[in-house]
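In listed order, ligands and their atoms are each counted from 1. Bear in mind that the values here come from a model prediction, so they are computed numbers and not experimental data. The figures here come from the full heavy-atom set of this structure, side chains too, leaving out hydrogens, waters and symmetry mates.
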Amino acid sequence: MHTHPIRALVFDIDGTLALMDKETHSYTALPGAREALALCRERGLPAVAYTNGTFFPPAHYYPLLADAGLVLEPGHILTPAAVAARALKDMGYQRVMVMGAEGTQAPMREVGIEVIAPSKDAPKVDAVLLGWTRDFDAEQLETVVQAVWDGARPFAGSVAPFFAGAGGKKLLGISGAVAAALTNATGVEVTVFGKPETKGLAQVAQITGVRPEEMMIVGDDPKLEIRMGRKAGAFCVGVTTGVVDAKGFASFPEDQRAQLVLPSLRAFSDLACFAD
Ligand SMILES: [Mg+2]
């Protein structure tokens with residue numbers, strides 16, 4: 001039983017708030033998503049959208065979601081790369097070797113961390129960060145491994161083995177594959193920032209001033225946002241508009257599963273915590 005009042009909401013994006021058309025790269029809001037965000041605004045409850053993708057920096061998502069009628073306040077869209085950037089900054093890192101595309105590099109620069117490319121003549125670094133990229137070769141992999149052999153700490157946005165692509169195809173989670181290679185070579189475990197780790201919720205707490213116990217986490221993936229939310233003591237709501245159905249949500253042990261499952265966000269405004 002969750003007894004805390006709800007004072008902030010964290011929504012997953014893909015499969016929860018919206019679906020992306022991979023051809024046109026435009027989002028369509030899922031049923032009830034616009035109304036759910038409007039209700040949060042009306043009640044003065046901060047709403048954060050937290051995706052697990054590191055393809056794009058947060059800035060990329062605001063206009064895409066706004067075009068679908070999903071308006072988020074500035075600073076209220078998070079990606080694992082943005083979470084990593086703030087966390088690495090707080091940990092005191094000033095210069096980090098990044099093996100990842102612009103979606104991983106941009107948030108690092110935004111917080112004032114110098115991004116070092118993994119090339120042979122790269123200067124010594126204290127940390128390396130892995131993010132999504134298709135643009136790497138053996139020399140870059142060797143450089144990152146050498147940096148860790150030389151004492152740099154390895155971090156990653158996400159180590160998901162795969163993610164959902166168009167037409168139900170599985171797409172390789174490249175940073176997860178590189179993280180496994182790095183650990184294989186160095187014996188050093190890679191520290192992960194994205195879901196289901198709870199570091200993102202700690203940052204939502206910083207942004208909103210609300211403790212995780214007073215947050216509602218809404219997501220379509222029991223292994224990502226629901227696992228994250230339950231670990232942090234938040235109230236977790238599953239929606240069946242994404243990767244699993246109600247049976248899928250129910251297949252997890254009771255202390256790890258969503259406390260509530262909705263067929264879509266259409267039912268969101270009926271939740272008891274929004275009753276007048
Ligand atoms: Mg999702």
Donor-acceptor pairs are to be reported for all side-chain atoms of residues 117-129 against protein atoms at under 3.5 Å, with residues two or more places apart or in another chain.
{"residue": "S119", "atom": "OG", "partner": "D121", "partner atom": "OD1", "Å": "2.8"}
{"residue": "K124", "atom": "NZ", "partner": "D150", "partner atom": "O", "Å": "3.2"}

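Within the 4.5 Å cutoff, the side chain of D12 has no heavy atoms near those of the D221 side chain. Between I6 and M215 the shortest side-chain heavy-atom distance does not fall below 4.5 Å. Using a 4.5 Å heavy-atom cutoff, the side chains of H60 and F55 are not in contact.
Nearest heavy-atom pair, I217 versus E225, reported as atom, atom and distance to 0.1 Å: CG2-O, 3.7 Å.
Around the Mg ion (ligand 1), the protein contributes the following N, O or S atoms at distances under 2.8 Å: D12 OD2, D14 O, D220 OD1.
Taking 4.0 Å as the cut-off between side-chain N and carboxylate O, R109 and E102 count as a salt-bridged pair.
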